[in-house]
Amino acid sequence: MKWMSFFLLFSAANSFAGVSIISDLDDTIKITNAGNTLMASYNGILKTKVFTAMPTFLAESRSYTDELTILSTSPFLIRPMVLRNFSEHDIDVDDVILKTKLLKNSHSFKVGKIREVLSRSNDDFILLGDDVNADVEVFDTIIKQFPKRILVAYVHVVKGKKLPASVTPYFTAADLAMRENLAGRMGPEGVMRVAEQVLEEPKMDRIFPGFAQCPRDPQGWNWVAASSWKPVSDQMVAKINKYCGQRATQK
């Protein structure tokens with residue numbers, strides 16, 4: 001009876017789903033300019049810049065996630081450079097999936113690989129991507145196929161494309177962290193560590209590179225207005241508006 005009770009308890013404990021993350025790399029974590037083939041190749045091979053506080057966000061998410069899988073359409077030949085990038089920024093990654101068949105459609109490649117990751121795990125998933133290439137359509141497809149397995153699909157606003165209601169936009173690692181806190185996952189201390197890096201960043205092109213849209217619409221922050229994070233978001237919005245206004249006058 002004791003063994004039976006232990007077995008039932010063990011089975012019940014393992015029936016609860018954990019949380020894991022599947023994240024794109026280029027223009028989600030790393031500053032790449034994936035929409036420009038020449039620049040993407042140059043940055044993918046020779047540069048290691050990442051968006052401000054994204055490594056910290058990923059580190060803080062480790063307190064409540066089981067695994068971080070990187071899924072990228074970058075060619076497998078640059079895997080050493082990809083791994084070097086993660087090592088340089090202390091990003092703890094469990095698996096890196098890169099494209100081995102260069103001519104394969106990016107949408108079908110990513111949908112297929114996400115299905116594979118979901119099939120070998122009992123976890124629920126957070127998806128991270130951007131609006132430069134196929135991530136939005138990929139996430140929308142996966143959410144329709146696995147509505148109970150995807151907790152949220154975050155899309156980094158780079159090009160400012162119109163997004164479907166199935167995905168959640170974000171502009172910086174800080175508002176991404178705030179959204180995770182409001183979802184009941186990331187603790188407030190972790191959010192502040194991320195937010196402070198964004199607020200203290202002197203090089204704004206590490207947050208909004210020249211190829212990225214510079215947001216100036218305050219409605220994009222309405223979701224945080226009724227939360228305890230409004231004072232922090234107000235500081236962020238002020239900093240972003242100042243920079244974006246200056247950038248606009250320089251064009």
- Query: Taking the side chain from S72 and the backbone from S74, do they hold a donor-acceptor pair closer than 3.5 Å?
  - Reply: yes
- Query: What's the spacing between L176 CG and N181 CG if we round to 0.5 Å?
  - Reply: 12.0 Å
- Query: Heavy atoms, side chains only, cut-off 4.5 Å: are I29 and L58 in contact?
  - Reply: yes
- Query: Which pair of non-hydrogen atoms, one from G160 and one from D131, has the smallest distance, and what is that distance?
  - Reply: N-OD2, 2.8 Å
- Separation between CD1 (I150) and CD (Q145), nearest 0.5 Å, reads 10.0 Å
- Query: Excluding sequence neighbours, so at least two apart, what forms side-chain hydrogen bond (donor to acceptor under 3.5 Å, both in side chains) with S20?
  - Reply: D123
- Can you tell me which residue pairs pass the salt bridge (Lys or Arg N to Asp or Glu O under 4.0 Å) test with a partner in residues 55-65, sequence neighbours excluded? E60-R193, R62-D92, R62-D94
- Item | K49 and R206: CA distance, side-chain angles, deciding distance, side-chain contact (heavy atoms from CB on, under 4.5 Å) verdict | CA-CA 8 Å; K49 290 180 181 178; R206 297 287 179 91; 3.8 Å; yes
- Just wondering, do V138 and I114 contact through their side chains at under 4.5 Å, heavy atoms? yes
- Does any non-hydrogen side-chain atom of F109 lie less than 4.5 Å from one of I97? yes
- Item | With sequence neighbours excluded, residues passing side-chain hydrogen bond (donor to acceptor under 3.5 Å, both in side chains) with Q197 | T56
- Rounded to the nearest 0.5 angstrom, the CG-OG1 distance for D130 and T28 is 3.5 Å
- Under-4.0 Å salt bridge between D95 and K113: no
- Task: Flag the pair M178 / V224 as yes when at least one side-chain heavy-atom distance between them is below 4.5 Å, and no otherwise.
- Result: yes
- Correct closest heavy-atom pair for V194 and A173 would be CG1-O, 3.3 Å
- Step-by-step side-chain contact (heavy atoms from CB on, under 4.5 Å) determination, L128 to F57: CA-CA 12 Å; L128 289 176; F57 169 83; 4.2 Å; yes
- N/O donor-acceptor pair under 3.5 Å between N105 side chain and S108 backbone: yes
- Item | N/O donor-acceptor pair under 3.5 Å between R79 side chain and V96 backbone | yes
- Among pairs that include at least one residue of residues 129-199, which meet disulfide bond (SG atoms under 2.5 Å apart), considering only residues two or more places apart or in two chains? none
- Task: List the steps and the verdict of side-chain contact (heavy atoms from CB on, under 4.5 Å) for I126 and I22.
- Result: CA-CA 6 Å; I126 295 168; I22 300 174; over 6 Å; no
- Message: Once rounded to the nearest 0.5 Å, what's the spacing between atom CG of L77 and atom NZ of K99?
- Response: 13.0 Å
- Search all heavy atoms of S23 against all heavy atoms of L68 and return the closest pair with its distance. CB-CD1, 4.2 Å
- Which pair of heavy atoms, one from T65 and one from S61, lies closest together, and at what distance? OG1-O, 2.8 Å
- Task: Would you check if P169 and Y154 make a side-chain contact, meaning some heavy-atom pair closer than 4.5 Å?
- Result: no
- Message: Holding to side-chain hydrogen bond (donor to acceptor under 3.5 Å, both in side chains), I want the full list of residues that pass it with D27, two or more places apart in sequence or in another chain.
- Response: none
- Item | Within residues 144-159 or reaching into it, pairs that qualify as salt bridge (Lys or Arg N to Asp or Glu O under 4.0 Å) - sequence neighbours excluded | D140-K144
- Task: Give the minimum heavy-atom separation between W229 and M192, together with the two atoms involved.
- Result: CZ3-SD, 3.5 Å
- Item | Nearest atoms (heavy-atom pairs only) where M186 meets A177 | SD-CB, 3.7 Å
- Task: Only counting residues at least two apart or in another chain, list the ones meeting ring pair (Phe, Tyr, Trp, His ring centres under 6.0 Å) with F171.
- Result: W221
- To the nearest 0.5 Å, how far apart are CG in L98 and CG in L71? 8.5 Å
- Measuring from E137:CD to S166:OG, what's the distance to the nearest 0.5 Å? 9.5 Å
- Message: Quick check on side-chain hydrogen bond (donor to acceptor under 3.5 Å, both in side chains): which of T73, D135, T141 does K110 satisfy it with?
- Response: D135
- Is there side-chain contact between F208 and T172, with at least one heavy-atom pair below 4.5 Å? yes
- Query: Looking at N33, N133, T32, which hits side-chain hydrogen bond (donor to acceptor under 3.5 Å, both in side chains) with D26?
  - Reply: T32
- Residue pairs fulfilling salt bridge (Lys or Arg N to Asp or Glu O under 4.0 Å) with at least one residue in residues 230-246, sequence neighbours excluded: K230-D234
- Qualifying residues under ring pair (Phe, Tyr, Trp, His ring centres under 6.0 Å), relative to F51, sequence neighbours excluded: H156
- Query: Does any pair with a residue in residues 161-180 pass salt bridge (Lys or Arg N to Asp or Glu O under 4.0 Å), and if so which ones, sequence neighbours excluded?
  - Reply: E180-R185
- Note on the structure: Hits for side-chain hydrogen bond (donor to acceptor under 3.5 Å, both in side chains) against T52, two or more places apart or cross-chain, chain-then-number order -> E201
- Message: Under a 3.5 Å distance rule, please check whether S87 uses its side chain to pair with a backbone N or O of R84 as donor and acceptor.
- Response: no
- Item | disulfide bond (SG atoms under 2.5 Å apart): pairs with one or both residues in residues 161-217, sequence neighbours excluded | C214-C244
- With side chains defined as the heavy atoms from C-beta onward, is the minimum distance between Y170 and V155 less than 4.5 Å? no
- Does the side-chain contact (heavy atoms from CB on, under 4.5 Å) test come out yes or no for D205 and F211, once each step is laid out? CA-CA 9 Å; D205 60 350; F211 62 85; over 6 Å; no
- E67 vs I21 side-chain heavy atoms within contact, under 4.5 Å: no
